[in-house]
There are 2 protein chains.
Amino acid sequence: MTSKSTATAESAEEARRARRARPAKRARPAKRASVTDVAKLAGVSVGTVSNVLNRPEHVAAGTRERVRAAIQELAFVRNASARQLRSGEIKTIGAVVLDIANPFFTEMARGIEDRLAQDDFTLMLCSSDENPEREARYLRLFEEHGVQGVLAVPSHGSIDALISLRKRNIDVVLLDHTSPLPDLASVAVDDVGGAALATGHLLDQGHTRLAFLNGPLTLRQCVDRRDGVVQTLLSRGLDPAEALIEIPLETLNADGGDAAMRALLAWPGPRPTATFCVNDLTALGALRALRDLGVAVPGEMAVVGYDDVNFASMLATPLTSVRQPMYKMGWTAADMLLRRHGSDEPAEQIEFAPELVVRGSSVAEAG
Amino acid sequence: MTSKSTATAESAEEARRARRARPAKRARPAKRASVTDVAKLAGVSVGTVSNVLNRPEHVAAGTRERVRAAIQELAFVRNASARQLRSGEIKTIGAVVLDIANPFFTEMARGIEDRLAQDDFTLMLCSSDENPEREARYLRLFEEHGVQGVLAVPSHGSIDALISLRKRNIDVVLLDHTSPLPDLASVAVDDVGGAALATGHLLDQGHTRLAFLNGPLTLRQCVDRRDGVVQTLLSRGLDPAEALIEIPLETLNADGGDAAMRALLAWPGPRPTATFCVNDLTALGALRALRDLGVAVPGEMAVVGYDDVNFASMLATPLTSVRQPMYKMGWTAADMLLRRHGSDEPAEQIEFAPELVVRGSSVAEAG
DNA sequence: GCTCAACCTTGAAACGATTCACATCTGCTG
DNA sequence: CAGCAGATGTGAATCGTTTCAAGGTTGAGC
């Protein structure tokens, strides 16, 4: 805990305080001006003030200006609660992601925000930490606030809560998760396809023995990506039992990748010439191990990652990786909510295709 | 735009649709239950329902249970707007950062969120993109919503808007920016001190000629960090004119750092033995250039960065860097808002001290 | 001069929770 | 048994906006 008040800030404060003659102990709470106040000052009825605010074209120019002047003078600001209470409308949507500190969701959040800004909506953003209770609490808060819709990356087993929200007539779009119900909209990325892209790329380079550094099969992503790898091998006429070594990762980070790669290199029998890592952190660790052990990349071992994190392109050997359109997912999900609201169309279920970004870790001549 | 609907999702939808007999064209809007409905069902008055909700201890056990049952049955959810309109209270605060997609602010946001969660507050989070207009728009939305307080990383020239918000009795805490007024609370990090830490560390290692890869002096951070460097040199009896080469960066990213380092190595005259980079991206580029040109790190050139981004520790030569307590800043700012609300105490102005994380890029034997 | 439409404006009735002054009931004290 | 306190419950008033039926003006057309 290293915090301190700066000396400069404090002395500046004292200087000001001395200069100021505080009349009252504390400034009066200064209640906000209401439409009534504005109406009084402008000499019109509250209805007219409301019209100036919401349908200015229905108000005579003179009156309109008078009201506007009064609004200025009183620094009137609409009370969103009263507005919503009466009109039922609220320009807010809620989003729950697993963790806003994770760049993955952060990019998504940015997409959501940008789409909302177009329609002057505000965003309530929360992290569930994959804790269904915490998620439920946030969903309830959203509902109390009467949000127009909810975007959610469901944490394990929380889908029911979202379905019941949908039943109470709140629009819901699932993020990064395909919808189990036709009523529920969703935006996801095709993980099977992403892994297939990576695998296909390595096979195209002439590799015939691959390693796959994979995480626990309790994660949907790991299962899907494995499916993608296996399907691709089969479709190219290769037998996974021969062409593939799958190494389980202790942890889904750089150290896990490092350890797994060392295990792979110590393996008896013919060494694979290419490695597909289930994410970029893992690939980073694998690259580190390869460098430490003097294995040339991509010459002796090609490496492909997944996620295309920001530093993938900045590494000593830039990492080939599968890029997921997170920003676009967020943007699209928000767009579905805003466009679809109140319409009769069935819920859309979109799946985006990921994209392979080829760099130097898998192809010698690439960037 | 590569999007597609999955075949599986569609066939699943058709299957369900066939099974379902849709009675009405569209489910009735199903108005939410209100306290009145609950009161009616439980056979009590609305006042009692409100009491069960807000002061359950004032209600007899039997009645309380009856009301709770009714709430359950009707799936009653409070209407936050009505609640706020009457009671004036709202458990929401707004935050504007420059860009939520930036890990820097993201970590801060996470700190804010975690503190708010303790008090069941919700967060409205927005990115200003350093656009004062966009920021002003968000601040107005916050004000309309009647938020309890606002946390803001001010964009250039937007402080006035924040001050006027403060005048209208909305609590404001400035983030990552020292407050210009005693009335305005703030939480910042000491950039001068951070640069002094880095510089002191390099001098401690015996270096006497330093390079400083710095960004444009229109950024406060760059100015402050430069001050820290210069002050430290002076306080150790070194003449900056001799001991320091400052290289301006074209761009504040890896490529800028790469180019600047190449320029530095091409410099005539004695080569510095240590480089301080104004941020980690720049340092990453510098390290890349050093490796490409065969200069040993830290043997021939020690490198220190700033920000301690997530990958600093994962590089081939792990990067020594200055870590700023972003999470703690966010947490503390939110805490100030929640604790201070309505109290009479003067606004706090806190400045956190950054921390030097020593790794292999500046000390051979370090991690 | 009458009619009619177009245009403005009005003001009271919502919206749904909270609050608070007031009723009612119970049991206890002196 | 009057008096009183404490516990429990009531319901009308209130918050600040939007909505909408209805009223008032104006001017054109006949």
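All figures in this text were calculated on a predicted structure; none of them were measured in a lab. A, B, ... follow the sequence lines: proteins, then strands. Residue 1 opens every chain.
- Once rounded to the nearest 0.5 Å, the distance linking CZ of A:Phe76 with CG of A:Asp37 reads 9.0 Å.
- Between B:Arg68 and B:Glu65 there is a salt bridge, with a side-chain nitrogen of the basic residue lying less than 4.0 Å from a carboxylate oxygen of the acidic one.
- Take A:Arg134 and apply the salt bridge (Lys or Arg N to Asp or Glu O under 4.0 Å) test, not counting sequence neighbours, and it matches A:Asp129, B:Glu113, B:Asp114.
- Taking the salt bridge (Lys or Arg N to Asp or Glu O under 4.0 Å) definition, one finds that B:Asp335 meets it with B:Arg115, B:Arg339, sequence neighbours left out.
- Here B:Arg66 pairs with B:Val44, B:Thr63 under the side chain to side chain contact (heavy atoms under 4.5 Å, CB included) rule; sequence neighbours left out.
- Note on the helix from C:dG1-D:dC30 to C:dG30-D:dC1: angle between the axes of the first and last five pairs equals 60°, rounded to 10 degrees.
- Listed by chain and number, the residues in a side-chain hydrogen bond (donor to acceptor under 3.5 Å, both in side chains) with A:Thr92 are A:Thr122 (sequence neighbours excluded).
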For this session: Go along nucleotides 11-20 of chain D 5' to 3' and tag each nucleotide: B for a protein heavy atom under 4.0 Å from its base, S when only backbone or sugar atoms are that close, - otherwise.
Result: BBBBBBBBB-
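- Residue pairs meeting the side chain to side chain donor-acceptor pair (under 3.5 Å) criterion with at least one partner in residues 152-161 of chain B, sequence neighbours excluded, are B:Glu135-B:Ser155, B:Glu135-B:Ser158.
- Within residues 60-70 of chain B, the residues that place at least one heavy atom under 4.0 Å from DNA chain D are, in residue-number order, B:Ala60, B:Thr63.
- Under 4.0 Å is where a charged nitrogen must lie from a carboxylate oxygen, and between A:Arg168 and A:Glu143 at least one such pair does.
- The nucleotide range of DNA chain C contacted by chain A, defined by atoms under 4.0 angstrom from heavy atoms of the protein and reported 5' to 3', is C:dC8 to C:dG16.
- Enclosure of atom CD in B:Gln118 by more than 12 non-hydrogen atoms of other residues, nucleotides or ligands within 6.0 angstrom is indicated.
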Enumerate donor-acceptor pairs with a distance under 3.5 Å from any side-chain N or O in residues 144-151 of chain A to protein atoms, sequence neighbours excluded.
| residue | atom | partner | partner atom | Å |
| --- | --- | --- | --- | --- |
| A:Gln148 | OE1 | A:His341 | NE2 | 3.1 |
| A:Gln148 | NE2 | A:Ile90 | O | 3.3 |

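- With sequence neighbours left out, B:Arg86 forms a salt bridge (Lys or Arg N to Asp or Glu O under 4.0 Å) with no residue at all.
- Remark: B:Leu141 CG to A:Lys91 NZ distance equals 8.5 Å, nearest 0.5 Å.
- Looking at residues 143-150 of chain A, you'll see that no heavy atom sits under 4.0 Å from any atom of DNA chain D.
- Side-chain N/O atoms of A:Arg137 and A:Asn131 include no donor and acceptor closer than 3.5 Å.
- Of all the heavy atoms in A:Ile159 and A:His177, the pair that sits closest is CD1-CE1, 3.7 Å.
- Considering every non-hydrogen atom in both A:Asn54 and A:Arg83, the closest pair reads OD1-NH1, 3.4 Å.
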